[in-house]
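This report refers to the structure that appears directly beneath it.
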2 protein chains.
Amino acid sequence: MQSTAFSPHDHSHCISSAINHAQSLCAQRGVRLTPVRQRVLELVWRSHQPIGAYELLAALAKEGFNSAPPTVYRALEFLSEQGLLHKLDSINAYVGCCNPETPHQGHFLLCQVCNKAQELESQYINLALKVSADQHGFEIQRHTIEIIGTCKECIDKPSLSELTP
Amino acid sequence: MQSTAFSPHDHSHCISSAINHAQSLCAQRGVRLTPVRQRVLELVWRSHQPIGAYELLAALAKEGFNSAPPTVYRALEFLSEQGLLHKLDSINAYVGCCNPETPHQGHFLLCQVCNKAQELESQYINLALKVSADQHGFEIQRHTIEIIGTCKECIDKPSLSELTP
DNA sequence: TGACAGTTGTTATAATATAACATAACATCC
DNA sequence: GGATGTTATGTTATATTATAACAACTGTCA
């Protein structure tokens, strides 16, 4: 099975590769990945668990960055416009995008046990959405597709309460 | 083409039928559709435009109902549990459910021009979601599926700015 | 240099949602 | 009918998420 956010992996590699990717993309597009923007992106990538705006704000504050809400919301807006992260509407949290060079709106699996998110890019889902929209003569601009449940790792791993008799 | 929230129709019929439906369902289930709960449901159904919690609160206040946030959030929670309405996470608004007897999570078309919402129940979408989840060994509990764009009526109807030279 | 665009700082506030505890209404059992 | 438990509502306060508005700074390039 392919590697996902849910399965164990060298996550520091995810972070550094995401940042490198972002740097080159921004350079290429002539937009500025300023220190606060880059730091927000790193913080978002620190785990595969989506992170809230005010959590980011607290982390920035600890590091001596300016820490008023507009700072982080502006950074999130920029990163989102550049396709470097996605917002998860069902939980008001943000997660890094693995594939920022091609603008897209992802589909997400959100695990309620480990709180990690895995982005999907399913052509089946896209097609199903398109067929439904077409049936109604509806023109799609964007979408929010979030599947909430339990990931394989958390299903397989007995919970603490099940371990203790 | 079938009738939808987007197309013109006798909406007072939608409202009264939704309320009748809700009354019999609640009776059947032995739960109480109290005055404030019923009024919230009516307000939600007043248009096919999803309505926000604080709009509901303001409407209740005008009518002499208690109007502190918990009042409306409790009613929304009850109605949601009973499958009588759905929350749209992408816009923090609530919309009546046409088919409350069978518990389900809907798929929605949201028009950004007329702000109306149409619930879909597409087996294609459900299947596509299930296939994607299965591929990852992921067990679905619920989902948020919202397609944002422009409805047929708003595409066909030239906008005001296009009408004036 | 100065003019402009873009970015950041700062203060205030809007919008959405819940915690916590008190009171009231209803149900039921004796 | 009164005691009791459960459900629903009232009330106050506060948490959480997000944006408006305007000032100041920074980089760029004519």
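From a predicted model like this one, the values you see are computed outputs, not experimental measurements. Here is the naming used below: chain letters follow the sequence lines, and residue numbers restart at 1 for every chain. Side chains included, hydrogens not; waters and symmetry mates left out as well; all remaining heavy atoms used.
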Exercise: identify the closest heavy-atom pair between G83(A) and C97(A):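 Here G83(A) and C97(A) meet closest at O-CB, 3.4 Å.
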
Can you tell me how far [atom2] of [N] sits from [atom1] of [X], to the nearest Å?
{"X": "D89(B)", "N": "dA18(D)", "atom1": "CG", "atom2": "P", "answer": "12 Å"}
{"X": "Q38(A)", "N": "dT8(C)", "atom1": "CD", "atom2": "C1'", "answer": "17 Å"}
{"X": "L76(A)", "N": "dT19(D)", "atom1": "CG", "atom2": "C1'", "answer": "13 Å"}
{"X": "L57(B)", "N": "dT9(D)", "atom1": "CG", "atom2": "P", "answer": "15 Å"}

CG/L43(A) to CG/L56(A) distance, rounded to the nearest 0.5 angstrom?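 So the CG of L43(A) and the CG of L56(A) are separated by 6.0 Å.
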
F108(A)/H86(A) aromatic ring centres below 6.0 Å: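 Yes; H86(A) has its ring centre under 6.0 Å from that of F108(A).
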
Quick tally for nucleotides 9-25 of chain C: nucleotides whose base has a protein heavy atom under 4.0 Å get B, sugar-phosphate-only ones S, the rest -, giving BBB----BBBBB-----

Before accepting this row, confirm whether a basic side-chain N of the pair R39(A)/E42(A) lies closer than 4.0 Å to the acidic partner's carboxylate O.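 Yes.
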
Under 4.5 Å between any side-chain heavy atoms of V36(A) and N66(A), yes or no?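 Side chain of V36(A) against side chain of N66(A), heavy atoms only: no contact under 4.5 Å found.
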
What residue among E119(B), H9(B), Q118(B) forms side-chain hydrogen bond (donor to acceptor under 3.5 Å, both in side chains) with H48(B)?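 Only match with H48(B) under side-chain hydrogen bond (donor to acceptor under 3.5 Å, both in side chains): H9(B).
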
